*Asks:* 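Here it is: the structure, laid out below.
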Amino acid sequence: MPLALLRRPDPEHLEVEHEGASLHIALRRRPTARRITLRVSAATGEVVITLPSRTAVNTAQRFAASHAGWIAARLARVPARVLFEPGAEVPLRGEAHRICLRDTRSGAVRVVRENDASVISVSCDPAHVARRVRDFLTREARRDLAEAIERYAPRLGQRPTRMTLRDTRSRWGSCTARGELNFSWRLILAPPMVLDYLVAHEMAHLREMNHSPRFWALLGDLCPNVEAAEAWLKRNGSSLHRYG
């Protein structure tokens, strides 16, 4: 009988101790992996250990335990989560806004000014504040993305067949061979030039489905803020995942 059939199912997670704290590590197997790897997401703090097909879980446990100090140090650098709750500050188009629950009766979410501060004013049952804020931010993202697409379409002479919003971790936008554009709703948290650049980037892929010199030349013609937006995302992009 093959060894793989005799092996117990892998646990979903491993636990290791470091200085009195328990570290939670997701376990993954990848047939193409040649060695054990550890990754700590700078965006979410998720710790993942990846194993080759034949590596024993006990070996992974020892490996993780031997790197507990490294894991803890990486986790210490992950920004604290900011929940969508009354009193929290979140960026909207790159500017800080405080979430305020103005009433427990159902009403529209709106942006107002209070005492020289920008406020996302929510009216709903307190248990629904997080969902209402996220829905509001998603609608704002959809509106800004659609407006940017409409600005670029005449200049490019092409438009997408569809636009969807997701909460992706690995990329801010993508373009499919069918001409569909996908974006992270979290772009609404960044300064407008960043969202504008991502739209120009993915729109350029409608014509050049690559990252060739022709693609970058086309993108440079469409968008004047390529370098500034790329630099902002490199410095600050992972921090957008701390919200919500």
Side-chain angles (χ1 to χ4, degrees), residues 39-46 74 77-82 84 89-97 111 118 120 133-244:
R39 179 180 61 83
V40 179
S41 170
T44 64
E46 182 185 30
R74 288 298 182 98
R77 300 208 298 260
V78 176
R81 300 286 301 175
V82 178
F84 291 153
E89 275 202 354
V90 300
L92 173 59
R93 300 182 179 94
E95 296 185 4
H97 286 63
V111 173
S118 297
I120 298 175
V133 171
R134 176 163 171 154
D135 288 349
F136 166 75
L137 293 172
T138 301
R139 288 195 302 272
E140 293 296 293
R142 186 178 299 280
R143 185 179 70 179
D144 284 12
L145 289 163
E147 289 176 354
I149 287 171
E150 290 306 311
R151 287 198 306 273
Y152 284 117
R155 296 173 58 187
L156 190 66
Q158 291 178 265
R159 63 177 57 248
T161 58
R162 185 185 179 196
M163 189 264 287
T164 58
L165 292 185
R166 298 175 181 174
D167 191 10
T168 51
R169 300 290 182 182
S170 59
R171 57 176 61 185
W172 298 108
S174 63
C175 176
T176 72
R178 296 186 298 274
E180 300 170 339
L181 302 187
N182 307 299
F183 296 100
S184 168
W185 67 263
R186 293 178 183 274
L187 290 174
I188 197 62
L189 306 177
M193 73 156 182
V194 175
L195 180 146
D196 185 79
Y197 159 69
L198 261 298
V199 172
H201 187 116
E202 301 310 330
M203 291 281 286
H205 279 312
L206 295 175
R207 185 180 297 175
E208 297 287 341
M209 187 60 77
N210 50 59
H211 285 110
S212 65
R214 287 194 307 177
F215 166 82
W216 290 109
L218 173 60
L219 178 57
D221 288 340
L222 289 173
C223 178
N225 298 314
V226 173
E227 291 186 5
E230 290 262 3
W232 192 96
L233 283 169
K234 185 175 182 179
R235 291 193 308 269
N236 306 293
S238 63
S239 69
L240 301 184
H241 292 285
R242 66 190 288 233
Y243 297 100

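Starting from 1, each residue takes its place in the sequence as its number. Remember, predicted model here, so these are calculated numbers, not experimental data.
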*Asks:* Taking all non-hydrogen atoms of both residues into account, name the closest pair between Cys223 and Tyr197 and its distance.
*Replies:*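 Heavy atoms of Cys223 and Tyr197 come nearest at SG-CA, 4.0 Å.
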*Asks:* Looking at Gln158, is its backbone amide N or carbonyl O close enough to the side chain of Arg207 to form a donor-acceptor pair, meaning the two atoms are under 3.5 Å apart?
*Replies:*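 Pair absent, no side-chain N/O of Arg207 close to backbone of Gln158.
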*Asks:* Taking all non-hydrogen atoms of both residues into account, name the closest pair between Ile149 and Pro160 and its distance.
*Replies:*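 Result for this residue pair: CG2-CD, 3.7 Å.
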*Asks:* If you define the side chain from C-beta out and look only at heavy atoms, does anything of Phe183 sit under 4.5 Å from Val199?
*Replies:*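 Yes, their side chains come closer than 4.5 Å.
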*Asks:* Should the ring pair Trp172 and His241 be called parallel, tilted or perpendicular, given that the plane angle runs from 0 to 90° and is split at 30 and 60?
*Replies:*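 Trp172 vs His241 ring planes: parallel.
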*Asks:* Measure the spacing between CD of Glu230 and CG of Leu198 and express it to the nearest 0.5 Å.
*Replies:*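 Answer for the CD-CG pair, Glu230 versus Leu198, is 8.5 Å.
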*Asks:* With under 30° as parallel and over 60° as perpendicular, where do the rings of Phe215 and His205 fit, or are they tilted in between?
*Replies:*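 Aromatic pair Phe215/His205 classed parallel.
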*Asks:* For Arg74, give me all partners under side-chain contact (heavy atoms from CB on, under 4.5 Å), at least two apart in sequence or on another chain.
*Replies:*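 For Arg74, the residues satisfying side-chain contact (heavy atoms from CB on, under 4.5 Å) (neighbours in sequence not counted) are Val40, Trp70, Arg77.
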*Asks:* Go through Val111 and Phe136 one step at a time and tell me if the side chain to side chain contact (heavy atoms under 4.5 Å, CB included) criterion holds.
*Replies:* CA-CA 10 Å; Val111 173; Phe136 166 75; 3.6 Å; yes
*Asks:* Check this for me: Arg214, atom CZ, are more than 12 non-hydrogen atoms of other residues, nucleotides or ligands nearer than 6.0 Å?
*Replies:*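 Atom CZ in Arg214 is not crowded, with 12 or fewer foreign heavy atoms closer than 6.0 Å.
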*Asks:* Any salt bridge (charged side-chain N to carboxylate O under 4.0 Å, His left out) involving residues 232-242? Give me the pairs, sequence neighbours left out, ordered by first then second residue.
*Replies:*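 Every candidate salt bridge (charged side-chain N to carboxylate O under 4.0 Å, His left out) pair involving residues 232-242 fails, so no pair, neighbours aside, qualifies.
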*Asks:* What is the distance from atom CD1 of Ile188 to atom CZ of Arg93, rounded to the nearest 0.5 Å?
*Replies:*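 Between atom CD1 of Ile188 and atom CZ of Arg93 there are 4.0 Å.
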*Asks:* Can you tell me how far the CG atom of Leu222 sits from the NE2 atom of His201, to the nearest 0.5 Å?
*Replies:*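 Leu222 atom CG to His201 atom NE2 measures 11.5 Å (nearest 0.5 Å).
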*Asks:* Give the minimum heavy-atom separation between Leu165 and Ala141, together with the two atoms involved.
*Replies:*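 Nearest heavy atoms, Leu165 then Ala141: CD1-CB, 4.2 Å.
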*Asks:* Rounded to the nearest 0.5 Å, how far apart are CD of Glu140 and CG of Leu92?
*Replies:*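 The distance works out to 6.5 Å.
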*Asks:* How far apart are the closest heavy atoms of Val78 and Ser41, and which atoms are they?
*Replies:*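 It is CG2-O, 3.7 Å.
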*Asks:* So which atom in Ala204 and which in Leu156 form the shortest heavy-atom distance, rounded to 0.1 Å?
*Replies:*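 Result for this residue pair: N-CD2, 4.4 Å.
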*Asks:* Per the salt bridge (charged side-chain N to carboxylate O under 4.0 Å, His left out) rule, what does the pair list look like for residues 169-194, sequence neighbours excluded?
*Replies:*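 Pairs touching residues 169-194 that pass the test: Asp167-Arg186, Arg178-Glu180.
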*Asks:* Got a second to check how far Trp185's CH2 is from Asp144's CG, nearest 0.5 Å?
*Replies:*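 Trp185 atom CH2 to Asp144 atom CG measures 13.5 Å (nearest 0.5 Å).
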*Asks:* Nearest 0.5 angstrom please: Arg159 CZ to Leu181 CG, how far?
*Replies:*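 Between Arg159 CZ and Leu181 CG, I get 11.0 Å after rounding to 0.5 Å.
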*Asks:* Does any N or O in the side chain of Thr161 come within less than 3.5 Å of the main-chain N or O of Gly179, such that one atom is a donor and the other an acceptor?
*Replies:*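 Yes; at least one donor-acceptor contact below 3.5 Å.
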*Asks:* Would you say Asp196's side chain and Pro192's backbone share a donor-acceptor pair under 3.5 angstrom?
*Replies:*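 Not confirmed, Asp196 side chain does not pair with Pro192 backbone.
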*Asks:* Could you pull out the closest heavy-atom pair between Glu89 and Ala96, with the gap in Å?
*Replies:*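 Minimum heavy-atom separation between Glu89 and Ala96: OE1-CB, 3.8 Å.
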